[in-house]
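Presented below is the structure to which this report refers.
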Amino acid sequence: MLDRHDRAARGARLRLIAIGVVAAAVVAAGGVALVNGLSDDGKTTEPNAAPASTAPVSPGPTSSPSPSATRTLTPNTAKAVHLNKPTGQKDGASTGFPRYGFGAMSAAVYHLDELSMLDDDMVRRQLSVITAKGSEDSIDKAVSDVRKLREKVGLPPSGGTPAGLTITTNVDAAQAWSLNSDGSVITVWMHYSRTATLPKGGPDDSPLKDQLANMILQWEDGDWKITTDPKWTAKKGDPMPYNPDSPASAKDGWGVVIRD
């Protein structure tokens, strides 16, 4: 009986190690480019100004800070962005974000947080809900990317997330601006981290930090949907690096996001 117990314990440790290897590989990969308009760029060191022709997204009526305050505000000291809560949920994707204010930014943050990294069927179902008309080809590409990542870490090409493994994406800051005159197409840049939780709550020894992702959304059928239309992806721009203590980051439009 003791021998059987030892074998079972060794087997459990091996399974834990194997899952840990998968987690490390997935997190270290920085995420897959699930759609052409949703890219994990990892640009955190070289500043690039946003195109001058774009218009910032209006967060709604707020009081304007004085010029001196504007120079000293940082994302950490400026008013945080309180994201709009979704009013619905379908096939693992949040839905029901408002047309104005922080609606597009909220949708992008929730979608990036929620998108599955290892479950190809879940990714297809999620993206089928939140992808704009004319961008459906990106869904097949996303599923293909997930399957390639699964194979890269030694899993079968199709299937769910291994039991006991949780991959968590957390967006902590974002900025957004309009790509057209009526504000119906918005580019959103997000600063995020990614961690893995192993069985029994085992910690992630090497979480992924300081990553950037872009998502372009258009207002369609009463909600914000991801678009990969080249007409818009060519205009997505590049933000300055995010630094929570930098006045330059605040001036560039970066804001700390809070989920109420």
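Just so it is clear, the structure is predicted and the values come from calculations on it, not from any experiment.
Remark: Lys85 NZ to Ser94 OG distance equals 12.0 Å, nearest 0.5 Å.
Applying the side-chain contact (heavy atoms from CB on, under 4.5 Å) criterion to Thr77, with sequence neighbours excluded, gives Leu73, Thr74. For Glu136, there are no salt bridge (charged side-chain N to carboxylate O under 4.0 Å, His left out) partners at least two apart in sequence or on another chain. Contacts of Asp182 classified as salt bridge (charged side-chain N to carboxylate O under 4.0 Å, His left out), with partners at least two apart in sequence or in another chain: none. Scanning for salt bridge (charged side-chain N to carboxylate O under 4.0 Å, His left out) contacts around Lys90 gives an empty result, with sequence neighbours left out. With sequence neighbours left out, the salt bridge (charged side-chain N to carboxylate O under 4.0 Å, His left out) criterion links Arg124 to Asp140.
Asp172 and Ser193 share no donor-acceptor pair across their side chains, judged by distance under 3.5 Å alone. Looking only at atom types and distance, the side chain of Gln218 has no donor-acceptor partner in the side chain of Ser184 under 3.5 Å away. Side chains of Ser158 and Asp120: a donor on one and an acceptor on the other come within 3.5 Å.
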| field | Test side chain to side chain donor-acceptor pair (under 3.5 Å) applied to Gln175 and Asp252, step by step | value | CA-CA 8 Å; Gln175 63 162 274; Asp252 192 50; 2.9 Å; yes

| said: One pair to check against side-chain contact (heavy atoms from CB on, under 4.5 Å): Leu217 and Val188. What are the steps and the verdict? | reply: CA-CA 8 Å; Leu217 303 102; Val188 182; 3.8 Å; yes

| message | Could you walk me through whether Ile186 and Trp224 satisfy the side-chain contact (heavy atoms from CB on, under 4.5 Å) test, starting with their C-alpha distance in whole Å, then the side-chain angles of each, then the deciding distance to 0.1 Å, before giving a yes or no? | response | CA-CA 9 Å; Ile186 306 292; Trp224 290 102; 3.6 Å; yes

| query | Where do Asp221 and Asp223 land on the side-chain contact (heavy atoms from CB on, under 4.5 Å) test, with the steps shown first? | reply | CA-CA 6 Å; Asp221 297 334; Asp223 210 346; over 6 Å; no

| task | For the pair Ser128 and Asp91, evaluate side-chain contact (heavy atoms from CB on, under 4.5 Å) and give the outcome as yes or no after the intermediate values. | result | CA-CA 9 Å; Ser128 294; Asp91 289 334; over 6 Å; no

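The shortest heavy-atom contact between Ser135 and Thr228 is OG-N, 2.9 Å. Closest approach of Pro247 and Thr72 over heavy atoms only: CG-O, 4.4 Å. Smallest separation of non-hydrogen atoms from Ser178 and Gly183: OG-CA, 3.2 Å.
With hydrophobic clusters built from ILVMFWY side chains whose heavy atoms lie under 4.5 angstrom apart, Leu212 shares a cluster with Trp232.
Classified by interplanar angle (parallel below 30°, tilted 30° to 60°, perpendicular above 60°), the ring pair Tyr110/Phe97 is tilted. Below 30°, between 30° and 60°, or above 60°: for Tyr242 and His191 the angle between ring planes is between 30° and 60°, a tilted geometry.
For the pair Thr187 (side chain) and Lys235 (backbone), a donor-acceptor distance under 3.5 Å is absent.
The existence of a salt bridge linking Arg125 and Asp121 is confirmed by a sub-4.0 Å separation between a basic side-chain nitrogen and an acidic carboxylate oxygen.
Among residue pairs with one or both ends in residues 107-117, those qualifying as salt bridge (charged side-chain N to carboxylate O under 4.0 Å, His left out) are Asp113-Arg259; sequence neighbours excluded.
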